[in-house]
Amino acid sequence: MIDYQEILDAIYVKLQKRVDKGKVASYIPELANVPKEKFGIYLNRIKGENFCVGDWDKPFSIQSISKVLSFAMAFARLKNQVFRRLDVEPSGNPFNHLSLLEMENGIPRNPFINSGAIVIADMLVTLLEEPKEEFLQFVRDVTGDQTIQYNIKVAANEAETGFRNYAAANLLKSFDNLENDVERVLDFYFHQCSIEMNCKQLSDAFYLFANRGKCMRGNSQLTLNQVKRINAIMLTCGFYDEAGEFAFEVGLPGKSGVGGGIVALLPNEFTITCWSPGLNEKGNSYLGMLALEEFTTQTNLSIF
Ligand code: GLU
């Protein structure tokens, strides 16, 4: 029998002692001002008890992790049509890279780099009557938690500093791969990035990807085949240009964000979320990566 609480406690104590905790994202004050000492983990087991440690109940900015949820919403509704406008290959480049998009004629490499997420945002803006409200409701429903909110200040600051996102959206538009106005699509995109959740809520939201499309409460409308594909894209594209390293060290599909969150999962077994705002050079949570590596090593639980 694995003693999950003992393992999480030991990982927490060991990593919290580290002097080097990475660098907190500095491009907007709401992220720059988060104390580096924050560190939490929440393990949601599909067929068992859940475990947590540290700041697991403190909300943080989910940022790029939202790209999995917006993609899931578009994929559930539009099915394979989504792949007419984007690909599913890892980019090997930073999340906001632009030259690849130019070279590949405005078809983003995958839905988890910014240009791909902007194309998905465009699809949802076309599809939904009240895009921001309906997307937030989707996130609340899959999580089973009606308290989840956008952080309006973060969304506004993202818009003020989002020059590369404007560049990507305009490039997409020039290639005819953006149906709606740049401003409207980016307003949606900046809001999705601004969603705040804690480790428990993120583990609950991603439960459906570990549980064959069934949420904590209710159904996601994703088929088992779609869930398989989303997990595959998380494994190959979920960690900026460090997806290979994450697969190598941790061995789980997952997604990270510049707010310092990482959510990862083992199908039929668990979802796990770590949050520590200090990032490594590639933009992934420094302690989060180490914590997950220790967790899969000590429990021998990974997809490989
Ligand atoms: N809002 C950020 C951006 O689009 C997302 C950063 C991230 O978590 O990768 O620049």
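Both counts, for ligands and for their atoms, begin at 1 and track the order of listing. Every value quoted in this text rests on a predicted model; they were computed, and no experiment measured them.
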Practice task
May I ask you to identify, for Arg164, whether its side chain, its backbone, both or neither come under 4.0 Å of ligand 1 on a heavy-atom basis?
Solution key: neither
Problem - Check: Ile62 main-chain N/O paired with Ser66 side-chain donor or acceptor under 3.5 Å - result: no
Problem - Exam field: side chain Asp55 to backbone Phe39, donor-acceptor pair closer than 3.5 Å - result: yes
Does the N or O separation between [X] and ligand 1 drop below 3.5 Å for any pair?
{"X": "Ser256", "result": "no"}
{"X": "Lys67", "result": "no"}
{"X": "Val258", "result": "yes"}

May I ask you to list the atoms of ligand 1 that are less than 4.0 angstrom from any heavy atom of [X]?
{"X": "Gly257", "answer": "8 (O)"}
{"X": "Cys193", "answer": "1 (N)"}
{"X": "Tyr240", "answer": "7 (C), 8 (O), 9 (O)"}
{"X": "Asn165", "answer": "3 (C), 4 (O), 10 (O)"}

Problem - Residue that, paired with Ser203, satisfies side-chain contact (heavy atoms from CB on, under 4.5 Å) out of Asn44, Asn50, Leu265 - result: Asn44
Handout entry: Closest approach of Leu292 to Ala264 (non-hydrogen atoms, all atoms of both residues)
Key = CD1-CB, 4.3 Å
Practice task
Give a yes or no on whether the ring-centroid distance for Phe83 and Phe75 is below 6.0 angstrom.
Solution key: yes
Handout entry: Sub-6.0 Å ring centroid separation between Tyr27 and Phe163
Key = no
Problem - NZ/NE/NH1/NH2 to OD/OE distance under 4.0 Å, Arg217 and Asp141 - result: no
Exercise for the section: Decide whether the shortest distance between a heavy atom of Phe190 and an atom of ligand 1 is less than 4.0 Å. Expected result: no
Exercise for the section: Could you tell me the residue and atom name of the protein heavy atom closest to atom 4 (O) of ligand 1, and the distance to it rounded to 0.1 Å? Expected result: Tyr189 OH, 2.6 Å
